[in-house]
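Here is the structure we will look at, set down as structure tokens.
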Amino acid sequence: MHTLIRNADVIVTMDGARRELAGASLLIKDGEITALGADLPADAAARADEVIDASGCVVTPGLVNTHHHLYQTLTRAVPGGQDALLFGWLRTLYPIWARYTPNDFRISAQLGLAELALSGCTMSADHQYLFPNGARLDDSIEAALEVGLRFHATRGAMSIGESDGGLPPDTLVESDTAILDDSQRVIHDFHDASENAMLRIALAPCSPFSVSRDLMRNTAALAREQGVMLHTHLAENDEDVAYSLAQFGCRPGQYAEDLGWTGADVWHAHCVKLDASEIALFAKTLTGVAHCPCSNCRLGSGIAPLRQMRDAKVRVGLGVDGSASSDAGDLIGEARQAMLLQRVANGADAMSAREALEIATLGGAKVLGRAAALGSLVPGKRADIAIWDVQSLQTAGAWDPVAALVLCAPHRVKHLLVEGRQVVRDGQLTTLDTGLLATQARAATRRLME
């Protein structure tokens, strides 16, 4: 299959030189980028099976979402949790999530992934850490295969319930043995270690306040034995840090290091409250961070030290977090929010639109261990590509079309290709009936409300 994307106003390569190619075209063969620039072969259009006209458009690498809870998409704007801090918000939502069926997980994941795709995202991680009423990680994986995004499914877990001093209700926790056994199963059944993998598995005990130290330590050992990555929440807000100090006698960074949770195969979500020593630790060990600015604002968690992490060379990507805490899965919107918050904290020159776009693309690919094949548009890499209309009402009047992607935040991509296959065409998802999906989601939400 040959595809030609031609006559783009600008192609943002995110290559080593961060080149931006004006009036350029791009060739794809069997999911791989084979050539790009202004002077492609004269017969490129004649040889292509599909030609996409990118006139009036900016072409970028697909955006990468490094942290999500797709199951939460059915619980947006829940009364009682709208104005709560993290722990109070969780206590409101846990009883609702306990009523989920496997089909709820599948519909919620489809809805969240469709929303991501329309916001320019080609690859997403997902953190599912509860499995009530027979639900399995397989439900979300099935949804991802149907939507067509590249997917990093993490087998999360909670093992310390309220009766043992944890935050979640006892009905939502599992035994360490059950967690580790199912972790081995999903790795065996689904994990693809190849460079162009559409599906990978990672292991992700939920948080320091919902799992045991033994489970954290044993999960790290299992992940390294099986060659998969590790993910969890860390230092999300002041309550989180206070819990770590009270229960473990150390800050979250030390907790992570003591249990083997630092390294290039680890990424932590949020990290709003990392101090200078923890930032240095993450930089030294190549530990990644999923920065979730909208969720951090929504829950009043604070402004993460993104500028300091970037300056220290910490690997950072963006995450929309669950739609119960951000209420949206708009990844280009997260890039804008990340930039704005750093300007609020550090001054108007603290972060440029182009740096925010880099974090949303190449930064995320590095965090998920995929930068060898993804995150930039260069020959030999996989064709995960977002095409943005910069002639629309939202970007009309913009002098710099690349900066406009973040500053104006068009929110909906025109075309989206994953592994060279068109998942969004002319602003519409090609893989699912979004009208039917919205109807199914509303019905599921009504049942949960009742």
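All values below were derived from every heavy atom in this structure, side-chain atoms included, with hydrogens, water molecules and symmetry-related copies excluded.
- The CG atom of Asp139 sits 11.0 Å away from the CD1 atom of Ile107 when rounded to the nearest 0.5 Å.
- Pairs engaging residues 114-126 under the side chain to side chain donor-acceptor pair (under 3.5 Å) rule: Asn65-Ser124, Arg76-Glu115 [sequence neighbours left out].
- The distance between the ring centers of His127 and His68 does not fall below 6.0 angstrom.
- Applying the ring-ring contact (aromatic ring centres under 6.0 Å, His included) rule to pairs touching residues 188-211 yields Phe87-Phe209, sequence neighbours excluded.
- For Gln337, the side-chain hydrogen bond (donor to acceptor under 3.5 Å, both in side chains) test picks out no residue, with sequence neighbours left out.
- Side-chain rings of Tyr71 and Tyr129 approach one another, their centers coming within less than 6.0 Å.
- Residues Glu146 and Gln110 bring a donor and an acceptor atom of their side chains to less than 3.5 Å of each other.
- Atom CE of residue Met216 and atom OG of residue Ser159 lie 10.0 Å apart, to the nearest 0.5 angstrom.
- Not a single donor-acceptor pair under 3.5 Å links the side chain of Thr3 to the backbone N or O of Glu50.
- In this model, no donor atom of one side chain and acceptor atom of the other lie less than 3.5 Å apart for Thr177 and Ser175.
- The nearest pair of heavy atoms linking Ala350 to Glu355 is O-OE1, 4.3 Å.
- Annotation: side chain of Pro132 is not in contact with side chain of Thr171 (no heavy-atom distance under 4.5 Å).
- Under the salt bridge (Lys or Arg N to Asp or Glu O under 4.0 Å) criterion, no residue pair touches residues 81-101, with sequence neighbours excluded.
- Put simply, the side chain of Val59 does not reach to within 4.5 Å of the side chain of Val10, judged on heavy atoms.
- Side-chain contact of Asp170 with Ser163: a donor-acceptor pair under 3.5 Å is present, judged by distance alone.
- For Met449, the CE atom sits in a loose shell: 12 or fewer heavy atoms of surrounding residues, nucleotides or ligands are nearer than 6.0 Å.
- Taking a 6.0 Å sphere around CG of Leu393, one finds it holds 12 or fewer heavy atoms contributed by other residues, nucleotides or ligands.
- Remark: side-chain polar atoms of Trp388 are not paired, donor with acceptor, to backbone N or O of Thr60 under 3.5 angstrom.
- With values rounded to the nearest 0.5 angstrom, Asp400 atom CG is found 9.5 Å from Cys408 atom SG.
- Counting all heavy atoms, side chain and backbone alike, Ser376 lies closest to Pro61 at CA-CG, 3.8 Å.
- Taking every heavy atom of both residues into account, Leu417 and Ile52 meet most closely at CD1-CD1, 4.0 Å.
- Residues that satisfy the side-chain hydrogen bond (donor to acceptor under 3.5 Å, both in side chains) test with His69, not counting sequence neighbours, are His67, His233, Asp321.
- The side-chain hydrogen bond (donor to acceptor under 3.5 Å, both in side chains) check on Lys414 picks up nothing, with sequence neighbours excluded.
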